[in-house]
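Inspection log for the structure reproduced underneath, given as structure tokens.
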Amino acid sequence: MATESPATRRVQVAEHPRLLKLKEMFNSKFGSIPKFYVRAPGRVNLIGEHIDYCGYSVLPMAVEQDLLIAVEPVETYTLQLANTNPLYPDFSTSATNIQIDKTKPLWHNYFLCGLKGIQEHFGLSNLTGMNCLVDGNIPPRSGLSSSSALVCCAGLVTLTVLGMNLTKVELAEICAKSERYIGTEGGGMDQSISFLAEEGTAKLIEFSPLRATNVNLPSGAVFVIANSCVEMNKAATSHFNIRVMECRLAAKLLAKYKSLQWDKVLQLEEVQAKLGISLEEMLLVTEDALHPEPYSPEEICRCLGITLEELRTQILSPNTYDVLIFKLYQRAKHVYSEAARVLQFKKICEEAPENTVQLLGELMNQSHMSCRDMYECSCPELDQLVDICRKFGAEGSRLTGAGWGGCTVSIVPADKLTSFLANVHKAYYQRSDGSLAPEKQSLFATKPGGGALVFLEA
């Protein structure tokens, strides 16, 4: 399945209200009709937060919310982008000179990332122009991966316009790499699930090499997503990239402590692989090798036997040059314990004991505690929302996505779903102060959706 290209489906556009509306808006915008449409889904990560860029497996599923792009290749070398949402202004540029401004995570830059990734993969200097109209129903900046869905959509759009072929795995790897043009050092989970998702199943996504395994979720429970209404754009903040760097530094100090060739190590998973020990044993090594007090850049230099200049030029990324403290112990503890929880989650789903839902819920609760206390990527609103979800019947609830805002995901017994939704809506969204804008509120049950594909009009 991973060796296949994304599917192409012929559809009667008139029978699909959203496609039909997109076609009509495209016609009114560009005075022509689209040649094809591309879809890429958002995702919810059930467990395994902030560990993909450390080399560890994650367990997401695609959601039904998605991004659609209507596309018409044109003879000129101009790329014209428009969005059905008036909050996102039109953008036009020459397809022969793609420039991505890292300082501004504007919506069109995510499209340019996907386009540039395909262009560079095939070594093309010139690309044909195209008119594109984007329509999305994934809540933005909510931790459900709307930005990566746009990168993936743009990659598949560009591939389709070129008439080229790539497998889903190749596309996922190209889009994961190209999203870094925007300045985010992500790990590849979002792009992988966008292409490799299958309806009806979550996926264990493993890296190096990239592969996906079906994980069948329990039938007696429903996963519910709730938006905290706190927006966080991970490309616009340094939080995310600081965590990536703290994990990299922790990996180097752990490798040095165990007399490994630390300068070649980039990920915490590499240390475990080189030592050939379990995740539980890595937690013990972390206790011995790292101290809970924050590390200064000077102390890191002393530990590694390098100068501050070498730390800056050889290890730190430009957006972490000015960081004064690094919490290495806490970040490594989170990563190794979270990686173990992912494997336990998959094992419970496979073995399906009678108390499956309760056991999965406990793992999700542990994950949230670790994200909150060890990785410090939660926020008061997320913590409050998690508490409310547990109070009204969730067996487990946790933040999902990068954190610092965005959504929670909860596992709810199916027979409690109706009362759960009503009570959480009342307790979190219907506040007396009316501070939560209705358009940002979203609370919904979801099931595993399919991956990216191309639609042709029949």
Side-chain angles (χ1 to χ4, degrees), residues 13 16-34 36-44 62-72 78-93 100-101 104-115 130-158 175 179 182 184 190-191 194 225-237 401-402 405-407 429 436-444 446 449 452-455:
V13 170
H16 295 265
R18 197 160 150 229
L19 281 178
L20 181 61
K21 188 180 174 195
L22 190 58
K23 180 182 176 180
E24 289 166 351
M25 289 179 79
F26 189 99
N27 190 17
S28 94
K29 180 83 187 168
F30 297 112
S32 52
I33 61 167
F36 64 91
Y37 306 81
V38 166
R39 138 184 221 276
R43 64 95 190 98
V44 58
V63 293
E64 293 155 296
Q65 284 78 359
D66 60 16
L67 215 87
L68 283 173
I69 305 184
V71 187
E72 178 197 23
T78 302
L79 170 68
Q80 292 199 83
L81 299 178
N83 200 304
T84 58
N85 185 334
L87 290 175
Y88 302 109
D90 292 0
F91 176 77
S92 180
T93 188
I100 299 169
D101 184 353
K104 296 177 183 154
L106 301 169
W107 80 273
H108 62 257
N109 282 330
Y110 291 96
F111 185 99
L112 297 181
C113 285
L115 182 144
M130 50 183 137
N131 296 331
C132 297
L133 180 61
V134 177
D135 179 62
N137 58 14
I138 308 166
R141 295 177 290 282
S142 65
L144 300 180
S145 208
S146 58
S147 51
S148 294
L150 182 50
V151 175
C152 293
C153 239
L156 187 49
V157 162
T158 310
C175 290
E179 191 165 329
I182 203 93
T184 310
D190 303 344
Q191 302 80 6
S194 197
I225 294 169
N227 193 345
S228 71
C229 302
V230 176
E231 291 191 353
M232 183 267 177
N233 185 325
K234 69 185 181 202
T237 176
C407 289
Y429 296 104
L436 300 183
E439 69 275 6
K440 286 186 187 172
Q441 295 178 22
S442 53
L443 172 71
F444 57 92
T446 189
L453 46 82
V454 179
F455 293 118

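Since this is a predicted model, take the numbers as computed values, not measurements.
- Ion pairing of Asp135 with Lys21 is absent here, as no side-chain N (NZ or NE/NH1/NH2) approaches a carboxylate O to less than 4.0 Å.
- If you take OG on Ser194 and CG on Leu156, they are separated by 9.0 Å, rounding to the nearest 0.5 Å.
- For Gln191 against Glu179, the heavy-atom pair with the smallest separation is NE2-OE1, 2.7 Å.
- In summary, the side chains of Asn137 and Gln65 do not present any donor paired with an acceptor at a separation below 3.5 Å, with no hydrogens or angles considered.
- Within the 4.5 Å cutoff, the side chain of Leu144 has heavy atoms near those of the Pro139 side chain.
- What you find for Phe111 and Cys132 is that their closest heavy atoms are CZ-SG, 3.8 Å.
- Of all heavy-atom pairs spanning Glu72 and Ser32, the tightest one is OE1-OG, 2.7 Å.
- Under the 3.5 Å distance criterion, the side-chain polar atoms of Ser228 are matched with a main-chain donor or acceptor of Gly406.
- Under the side-chain contact (heavy atoms from CB on, under 4.5 Å) rule, Tyr37 has a single partner from Leu22, Leu453, Leu133, which is Leu22.
- The distance from atom NZ of Lys23 to atom CD1 of Ile33, rounded to the nearest 0.5 Å, is 5.0 Å.
- Taking SG of Cys175 as the reference point, atom CG of Asp190 lies at 11.5 Å (rounded to 0.5 Å).
- Considering only heavy atoms from C-beta on, His108 stays 4.5 Å or farther from Thr93 through its side chain.
- Closest approach of Gly136 to Leu67, counting heavy atoms only: CA-CD1, 3.8 Å.
- Proximity of Met130 to Ile69: side-chain heavy atoms (C-beta onward) are nowhere separated by under 4.5 Å.
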| message | Please determine whether side-chain contact (heavy atoms from CB on, under 4.5 Å) holds for the pair Leu81 and Tyr88, giving the CA-CA distance in whole Å, both sets of side-chain angles, and the decisive distance to 0.1 Å. | response | CA-CA 10 Å; Leu81 299 178; Tyr88 302 109; over 6 Å; no

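- With rounding to the nearest 0.5 angstrom, the CG atom of Leu79 is 7.0 Å from the OG atom of Ser92.
- No side-chain heavy atom of Val71 sits under 4.5 Å from any side-chain heavy atom of Pro34.
- Here CG of Asp66 is found 6.5 Å from CD1 of Ile138. Values are rounded to the nearest 0.5 Å.
- Of the possible polar contacts, one joining the Tyr429 side chain to the Asn227 backbone as a donor-acceptor pair under 3.5 Å is found.
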| Verdict with reasoning, Leu106 to Asp101, per side-chain contact (heavy atoms from CB on, under 4.5 Å) | CA-CA 9 Å; Leu106 301 169; Asp101 184 353; over 6 Å; no

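- Looking only at side-chain heavy atoms (C-beta outward), Trp107 and Val134 come within less than 4.5 Å of each other.
- A donor-acceptor contact shorter than 3.5 Å links the side chain of Thr158 to the backbone of Ala154.
- Put simply, OH on Tyr110 and CD1 on Ile100 are 11.0 Å apart, with the number rounded to the nearest 0.5 Å.
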